[in-house]
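Protein chains get the first letters and strands the later ones, always in sequence-line order, with residue 1 at the start of each. Quick caveat, the model's predicted, so the values are computed rather than measured.
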Amino acid sequence: MLDKKYDFKEKEQKWMDYWKENNVYEFKPDQREVYSIDTPPPTVNGKIHIGHIFSYSQAEMMARYKRLKGFNVFYPFGFDDNGLPSERLVEKEQGKKAAEIGREEFSKLCYETTDKYESDFQDLFSKMGVSTDWKMYYKTVSPSTIKISQLSFLDLIEKGHCYHKESPALWCNECLTSIAQAELETKTIKTMFNYLNYETTDGETFTIATTRPELIPAIVCVFVNPEDEKHKHLIGKTAHIPVIDIEVPILADEKVAIDKGTGVVMCCTFGDQTDIEWWKKYNLPLKYIFTDDGRIVDSVKNYGGLKIKEARAKIIEDFKEAGYLVKQEELEHEVQTHERCGKEVEYSVMKQWFIDIMNHKEDFIKIGNEIKWYPDHMHARYDEWVNNVAWDWCISRQRYFGVPFPVWYCKDCGEPIFARKEDLPVNPLSDKAPADKCPKCGCNEFVPETDVMDTWATSSVTPLINMRYGEENNYEDFLKPMSLRTNASEIIRTWDFYTIVKSFYHFGTRPWDNVMISGFVMADKGEKISKSKGNSKVEPMDLINNYSADVIRYWAGSGRLGTDIIFSEETLQRGRKLINKIWNVSKFIEMHLADFKDKEFTDFEYIDKWIIGKFEEMEKGYIKYLDNYEMGLALNHLEKFFWNFCDNYIEIVKHRLYRPEEFGDTPRYSGQKTVYMLLYKLLQDFSIFFPFITEEIYQELYKDEKSIHLTRIKELEYNFDKEAKIGDEIVDIISQARGEKSNNNLSLKTPIKNLELSLNSELKEAINKSIKDFKATLFIENLKISDVEKDYSIDKIELNLEEQE
RNA sequence: GGGCGUUUAGCUCAGUUGGUUAGAGCACUUGCCUUACAAGCAAGGGGUCAUAGGUUCGAGUCCUAUAACGCCCACCA
């Protein structure tokens with residue numbers, strides 16, 4: 001017997017445990033076709049917020065749907081505990097910087113901290129009903145993952161897509177590491193635009209404008225546009241920079257915008273990306289004046305040792321004092337900052353490991369075209385990113401916690417020595433180099449690489465982790481490619497892109513067939529919820545405790561794929577009502593199934609055919625939506641049917657179920673068979689959204705499998721299309737007659753003394769077939785039906801008011 | 001500045017390939033304790049579909065432009 005009230009706290013815990021104990025979501029290869037999902041491993045940086053719940057729930061619903069459709073669903077779950085986010089979390093918890101703690105101790109703390117958070121996260125996702133096989137759980141810094149990341153690196157080295165080179169790279173002097181283009185975030189800041197006078201060596205004065213005067217000591221030349229009438233005569237002359245007292249050539253380049261600033265621009269190594277381009281194009285000298293932690297190098301006269309901002313102020317002051325500062329203007333502009341810490345990025349020049357991006361952009365676009373993107377317009381975002389990428393992918397980070405490069409260098413000549421694949425995973429800091437002497441110079445001493453890999457260098461191998469790349473018993477057969485990648489739109493440029501890059505280099509193929517992109521959760525109108533803003537008003541755990549996981553999933557599953565959603569308590573209320581209704585109607589149905597035995601039956605009552613026909617129609621739409629990854633539209637569609645089922649069908653059939661002596665046993669059986677069959681199917685269809693309550697009801701009423709989540713959707717084939725259509729007209733008439741009662745402020749039980757209808761022949765036949773149901777539902781005493789060519793009309797409703805006493 | 005998206009009832013959102021009087025939930029109003037459910041049921045009011053043009057017999061839906069908002073990117077002279 002179902003309980004009078006559904007206690008979600010008790011039941012959700014119960015089924016969560018049951019699924020785990022009975023390995024309901026276990027993955028084992030068998031003869032079924034595999035549907036595989038490449039789930040984003042959430043970054044371990046402190047908190048799972050409502051935005052995660054939203055997008056992971058949507059993906060999870062697809063796993064459940066595919067399982068119901070009969071696929072062998074491969075749905076692993078992992079956590080990204082790698083790299084800078086974890087380090088920052090530990091630094092925050094310890095209140096100390098990594099450098100103060102020491103490399104070894106710090107790594108240990110990283111492991112401990114991420115373990116602790118991951119077990120909380122696992123618990124939260126389990127409570128949300130995530131149907132993953134936790135036995136396939138992975139971390140991005142475990143020995144097996146490190147091995148795969150290192151294998152991937154060595155494979156790319158072998159294939160010539162990865163190189164070590166001294167090259168300008170983006171540098172964060174807060175995190176003290178190089179970073180990749182994808183890790184940038186643009187910010188608008190107010191700054192000062194400084195107009196400074198320089199001179200040519202033959203005595204002409206010209207003005208340049210700069211927001212970064214501290215870079216002047218790094219100036220290597222001055223550019224003007226060759227078309228610039230005002231300045232082109234300067235080309236070829238030599239400029240003398242006052243205060244700093246250096247001389248540089250004046251060159252021409254059409255990239256200089258005549259109308260920006262003064263039209264004259266200084267090129268420093270390096271202030272921005274254009275500087276780097278010019279530096280390469282004109283083979284300019286390199287003057288690198290910043291230290292890694294954001295100071296001016298000591299060799300710069302007067303300014304050495306100052307912080308960047310201090311140097312900026314001092315140089316301006318010196319220019320002013322010397323009379324070379326023309327004017328200052330306040331300017332608002334965008335700067336590039338490091339997304340992890342928010343600090344403005346600089347450029348540094350040191351040896352870094354890069355993966356070649358620039359030579360294969362066309363291939364990446366091609367692979368993007370082979371993948372189906374849901375919603376389709378997300379594909380454009382990918383293309384746009386690939387077309388705009390300007391750098392090769394720098395994968396080395398001067399940090400501590402992450403995947404070590406399996407590399408040593410010859411102490412004398414610097415030749416890299418790579419680990420042997422069979423020795424992986426290795427840590428060059430503790431393991432010995434796999435060579436006795438350098439093959440190039442014969443030296444027998446080696447220095448370990450101290451850098452670690454970028455987070456994305458590791459998370460981009462999730463398909464490889466999933467397929468157990470490089471192992472004996474691997475899943476390469478059925479995971480190349482995987483069926484689906486799911487993530488939010490913000491990481492198309494990182495996770496999706498880099499995974500495609502790696503898949504292309506390793507296998508020459510796409511990593512997945514489909515990509516499903518979810519939208520964002522907005523805190524309020526127009527404000528994205530994000531960790532950095534700390535504007536999430538609701539904690540997932542509180543929500544689960546207050547509303548239940550099923551209700552939260554209702555919210556997560558509503559709305560269109562890829563569309564942003566505002567967190568709304570109202571949607572939660574709506575979900576709560578729906579779940580309550582599912583419970584109550586199930587109780588009602590259970591009550592009437594005490595003597596029911598399921599058997600072959602075709603002699604359905606007209607109204608039963610109507611609702612079965614409506615269900616068949618609904619389920620077609622439900623499947624169509626889900627096949628297009630539109631779980632929100634599917635849910636909406638299903639919900640709409642369900643309320644119709646409760647408010648109209650059940651209201652009609654209940655009389656027949658209660659009073660067999662009046663309606664007959666076979667008509668009653670028809671009703672029993674209908675509710676039995678449809679509730680089963682409704683529970684299945686709802687189960688992808690509400691895994692808990694549907695399981696509770698299923699176990700009580702059906703239980704033909706270990707779990708409802710192991711059943712299969714089989715579409716009905718009654719094809720009651722005609723009844724579905726005409727039955728709607730009967731319901732219309734019922735609704736209008738109810739309206740008449742309601743408008744007279746009367747109970748719906750008020751008898752109708754006389755009802756006169758004019759009906760077309762089809763509808764008349766239908767009502768005659770369902771005459772007992774029809775009369776009982778409306779409490780009709782006398783019914784008169786006249787014929788009409790088409791449509792129908794209600795000619796008279798006379799209510800029996802005497803009964804009200 | 002570029003790419004993509006959004007704009008429909010007070011609020012949150014649906015609206016298939018263009019086709020009658022534009023839908024739902026919440027909120028609001030009026031009733032109804034009806035042998036599952038008052039966390040319920042029935043009914044009602046409420047919209048110049050962002051704006052301006054255009055295509056069409058017909059536009060919320062297609063085209064063009066504009067505006068506001070959001071996401072991503074480019075802009076450090």
Side-chain angles (χ1 to χ4, degrees), chain A residues 2 4-5 181 184-186 189 191 193-195 208-212 215 222-224 255-257 259-268 271-275 331 333-336 344-345 375 377-385 387-390 488-490 492-493 519-520 522 525-528 555 558-560 562-571 573-592 621 624-625 632-633 636-637 639-640 643 646-647 650-651 654-655 658-659 735-736 738-750 779:
Chain A
L2 296 172
K4 187 157 171 38
K5 292 276 176 197
Q181 187 185 352
L184 296 176
E185 193 173 67
T186 40
I189 59 156
T191 185
F193 207 20
N194 305 287
Y195 289 76
I208 65 124
T210 178
T211 56
R212 307 232 18 215
L215 275 166
V222 167
F223 280 105
V224 298
K255 232 193 147 174
V256 179
D259 54 353
K260 221 170 188 180
T262 61
V264 186
V265 55
M266 59 176 193
C267 174
C268 308
D272 66 10
Q273 210 172 304
T274 316
D275 288 344
L331 176 76
H333 71 166
E334 307 279 314
V335 292
Q336 295 190 314
E344 287 166 55
V345 298
H377 64 81
M378 293 296 179
H379 186 185
R381 292 199 178 200
Y382 171 80
D383 279 353
E384 218 241 336
W385 172 255
N387 287 325
N388 285 319
V389 168
S489 59
E490 62 185 344
I492 291 174
R493 65 179 169 143
F520 286 114
M522 314 298 258
K525 226 185 181 83
E527 200 187 346
K528 179 179 149 191
W555 163 76
S558 61
R560 297 205 58 166
T563 303
D564 296 344
I565 185 172
I566 293 177
F567 179 79
S568 126
E569 298 257 352
E570 275 161 23
T571 307
Q573 299 289 3
R574 184 175 170 177
R576 184 142 73 179
K577 279 175 61 173
L578 173 59
I579 282 166
N580 191 43
K581 196 74 174 177
I582 292 173
W583 185 253
N584 283 319
V585 81
S586 300
K587 264 177 14 189
F588 174 82
I589 288 169
E590 182 188 34
M591 220 166 86
H592 293 282
K624 194 188 85 191
Y625 283 132
L633 300 185
N636 234 296
H637 193 63
E639 188 181 354
K640 201 171 158 190
W643 287 102
C646 293
D647 295 340
I650 294 290
E651 286 305 320
K654 71 199 305 184
H655 304 279
Y658 274 119
R659 300 196 296 276
S735 179
Q736 287 179 53
R738 283 174 173 175
E740 188 65 22
K741 296 179 187 182
S742 192
N743 289 334
N744 286 295
N745 294 344
L746 293 168
S747 154
L748 295 182
K749 276 175 81 180
T750 310
F779 301 89

Rounded to the nearest angstrom, tell me the gap between atom [atom1] in [X] and atom [atom2] in [N].
X: A:Trp643; N: B:C37; atom1: CH2; atom2: P; answer: 14 Å
X: A:Lys4; N: B:C37; atom1: NZ; atom2: C1'; answer: 8 Å
X: A:Ile208; N: B:C76; atom1: CD1; atom2: C1'; answer: 13 Å
X: A:Asn743; N: B:G31; atom1: CG; atom2: C1'; answer: 9 Å
X: A:Arg576; N: B:U12; atom1: CZ; atom2: P; answer: 20 Å
X: A:Asn584; N: B:U34; atom1: CG; atom2: P; answer: 16 Å

Can you see if the side chain of [X] gets near the phosphate of [N] - specifically, an N or O under 4.0 Å from OP1 or OP2?
X: A:Lys581; N: B:C41; value: yes
X: A:Ser735; N: B:A43; value: yes
X: A:Arg560; N: B:G15; value: yes
X: A:Gln573; N: B:A27; value: no

### Message
Within the 4.0 Å heavy-atom criterion, would you say A:Ile650 contacts the bases, only the backbone, or no part of the nucleic acid?
### Response
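Contact class for A:Ile650: base.
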### Message
Mind checking if A:Arg738 touches a base, just sugar-phosphate, or nothing, with heavy atoms under 4.0 Å?
### Response
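Sugar-phosphate only.
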### Message
Side chain of A:Thr211 only, heavy atoms from C-beta on: which candidate in B:U16, B:G40, B:C76 is closest?
### Response
B:C76
### Query
Choosing from B:G25, B:U16, B:A39, which nucleotide comes nearest the side chain of A:Lys624?
B:U16
### Summary
Closest heavy-atom pair, A:Trp583 versus A:Lys5, reported as atoms and distance to 0.1 Å, is NE1-C, 3.7 Å
